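Shown next, in C-alpha cells, is the structure this report addresses.
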Amino acid sequence: MEQKKFYITTPIYYPSDKLHIGHTYCTVATDAMARYKRLTGCDVMFLTGTDEHGQKIETKAKEAGVTPQQFVDRIVEGEKGVKDLWKLMNISNDRFIRTTDGYHVKAVQRIFRKMYDNGDIYKGAYKGKYCTPCESFWTESQLVDGKCPDCGRPVQDAEEEAYFFRLSKYADRVRHLLEDTDFLQPRSRVNEMVNNFIKPGLEDLCVSRTSFTWGVPVDFDPGHVVYVWVDALFNYMTALGYENDEHDDLARYWPADVHIVGKEIVRFHSIIWPAMLMSVGEPLPRHVYGHGWLVFNGGKMSKSLGNVVDPYLLAERYGVDTLRFFLLRTFPFGSDGNFSNELLINTINVDLANCLGNLVSRTTAMVEKYFGGTLPAEREDDKADCELKKLACALRDRYEAEMEKLQFQNALAEIFKVLDRANKYIDENAPWVLAKDEGKKIRLATVMYNLLETVRICTTLLLPFMPESCEKIFAAIGACPCCRGWEKANQWGALRADATVAKGEVLFPRIDAEKELAELAAIQEAQKKAALPAVEVDPLAEETVDFDTFCKCDLRAVKVKACEAVKKSDKLLKFTLDDGSGADRIILSGIRKFYEPEQLIGKTVAAIVNLPPRKMMGQLSCGMLLSAVHKEKGEEKLQLMLVDDAIPAGAKLC
Ligand code: MSP
C-alpha cells in the first residue's frame, strides 16, 4: 500500500522583531500535528519559514542603520533568531523557506507574469488606505473608526499607479468553497469571512507597490514590487519546486493537507490564496485552519505594550517539553487563550509533576524496591484489572479522533484521564500491602506490569507533544523501540513481561508556586523595562498659543530659602522662595519622589508667579516651579529647571 502523504505548513513569520510565545504556540501546534502524522505512518512534509519583504522591514532596517537584507539575516539566522528558536523548541520542520531565497524570488516573478498574461492582473491606479505595520491595503468601508481593522492603528492615504488582481472575478467560487465545503476550519471562521468580506462585495486587490523597493521586483515593469502577500502566500508551493528547479516535491506533496494560520490572517488564506490558485490553475489546499490568539491579561501581546512573553525565558526555566505541553494542553486551539504564569505553574504541578511524573516515578521505584528492577514473567489473570486495560486500549481511537480535528487540548485530556485512572489504580491495589505477603508476589507483579503498560501506551501518544521526555519515560519503564509504535498503542501486552525498569532523574519537579510566581513576575517586569525605549518624551503640542497669551505668563528666577516635606502627603514639597519682592513666596510642588528637601536649599530655580493661588493639603500655593520631564525605560524622570546662581532673585525669564 502506498504511504499516505501529509503536507502541513505554518505561516511564514515576519522577521521584524524577535518572536514571542504567540508565534511559538502556532509553530509548536503545527509540529505536534506533523509528529503525530509521522507517528501514524504518514510521509510528512512540514514547512515553515520567514516572510522577509515589505515596507515594515525596509523602515526598520533604515532605523537600525543596516540594509534590509542584513536586518532580516540577523533576525532569521542570528543568535536567538527565528531558526534558533525553532531548534530550541525541537521543531521538526522538513524545510525552511525564506522569501528572499533567490529561487523563490524568481518563481514569484514568473507567477506574477502568468497572472498578468492570463488577464487576471491588470494595471490601474490605487487610491485607498494602507496600514504599514500590517502591510495591508484597506478600502474606506473596511476601516473601523477610520483605523486598520486588524490592529487598530492609523492608516495612511495611498494613491499610485499599481497592478490589480481580479479578486472580484473569483467571488462566487470562493464563497462556494467557504460555505459548501470543509475547506476553512473551525466552522466559526467561515461566518467571519463571508459576513465581513464576501457579502460586502470582493473588490479587486492591489498587488504591486511603487513607494518602496524592498520586495520582489515586477520584472516587466521596473519600479513596481510585488505585494508582499502575493509573494508570501506562494511560498507554500515554491518551497516544493513550483516555478523553480531548487526543489522537486510538488507532485508528491501538493495540494497541502492543511495550512495552520492565526485568525487575523485567515482572510488572506481563505479568500485571496484560493482565488490566486484558481487563476494559475493549480489545485487548492485541502484545509486552512484558523487558530485563536494567545492573549495576555485579555489583551493582544505586543512589543509596544511591553507584554510579550519570552519563550526563551520559559523554556530555559521549565524545559522545552514542559512549555510545548503547556501550550497545547491549556488552550483550545480554535479560540483565544489567556496566557498567565499562574496557569503555567499550575499545569506543570497538576499534570506533569503530580500525575504523569508521579505515576512514572512511583511505578519504577516500586518495581525496583519489590523486584530489584526486573519483573518476574508470571502473571495473574484478574478481572479487576479489566477497566484499566480497556481504558488504555481504547485511548488511541479517542485520541486520534481529537488529533484529526486538531483538538490538541482534548486529545491530551483523554490521555490524562487514563493517567489519572492509573494513579488511582495504585491506591486501590496498595502494592505496599501486597509486598508484605509472599503469596501475593504474582499479583504484585501483575499490578506493576499493568501500570507500566498503561504508561507505555500513554507515552506513545504523548510523543508528538513532548518528544524528549517521552524517550526518557520509555527508557525508565524499559520499553524497547519495538513496543513504542502507533500500531502497538492500542494493544495490551507489547511490553516484555519481564521488563527491566531504570529509575532515572525526576522528570517534572514540583514547583513552589508562590515563590516561583514572584520570581517570574520580577524577571518579566525587568524584561518589559528593558524592551521599553531608552528615552521617551511627550509629543510636541499640536495646538498653538498666541504670543500675547504666552507673554501673560510671568516667569521669574526664584531662590529656595527653605524646603520641607508637607506632612501627610507623600508627593508634596513646600518651598519658601525669595522672588525679589521682599516678601516670602510659598509654592507647593508634587516632586517629593524626585528630591530630598535639603538638596534644594540655596538653589535658583524657574517659576511662574502669576498663577491664581491654589490650596493644597490645607496650604496656599502661589505659583508653579518649572521642571524638565521625560521617561527612561518607562520610568518617569524629573529635574527642576535650575537657573545660574549668579542670576538675582526676581529676574524675569523671557
Ligand atoms: N508573514 C505573515 C504570514 C504569511 S503566511 C503566507 C504573518 N507573520 S507574523 O509573524 O505576523 O505572524 C505569524 C503567525 O503568528 C500568524 O499566524 C499569527 O496569527 C501568529 N501569531 C502572532 N501572535 C500571536 C499570538 N499572540 N497568539 C497566537 N498566534 C499569534 O502574519
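None of these values were measured; they are calculated from a predicted model. Just follow the structure's listing: the first ligand is 1, and inside any ligand the first atom is 1.
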Query - Between Thr67 and Gln69: side-chain donor-acceptor atoms closer than 3.5 Å - result: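 On atom types as modelled, these side chains do not qualify, holding no pair under 3.5 Å.
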Worksheet item: Do you see a donor-acceptor pair shorter than 3.5 Å between the side chains of Asn244 and Thr238?
Response: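 No, no side-chain donor-acceptor contact under 3.5 Å.
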Mind checking whether [X] has an N or O less than 3.5 Å away from an N or O of ligand 1?
X      : result
Gly262 : yes
Asp51  : yes
Leu233 : no
Tyr13  : no
Asn235 : no

What part of His269 sits under 4.0 Å from ligand 1 if we count only heavy atoms: the side chain, the backbone, both or neither?
->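 Side chain only.
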- atom 3 (C) of ligand 1 - nearest protein heavy atom and its distance: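 Ranked first by proximity to atom 3 (C) of ligand 1 is Ile12 O, 3.1 Å.
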Is the closest heavy-atom distance from [X] to ligand 1 below 4.0 Å?
X      : answer
Phe296 : no
His20  : yes
Trp273 : no

With sequence neighbours left out, write down each residue that passes side-chain hydrogen bond (donor to acceptor under 3.5 Å, both in side chains) with Thr24, or none if nothing qualifies.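 Partners of Thr24 under the side-chain hydrogen bond (donor to acceptor under 3.5 Å, both in side chains) test: none.
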Practice prompt. Step through it carefully: locate the ring centre of Phe331, locate the ring centre of Phe326, and say whether they are under 6.0 Å apart.
Written response: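 Ring-ring flag for Phe331/Phe326: true, centres closer than 6.0 Å.
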Query raised in the report: Just wondering, more than 12 heavy atoms not from Lys106 lying within 6.0 Å of its NZ?
Result: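 No, not enclosed.
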query: Would you say Val216 and Val105 make side-chain contact, with heavy atoms under 4.5 Å?
result: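 Contact flag for Val216/Val105 side chains = yes.
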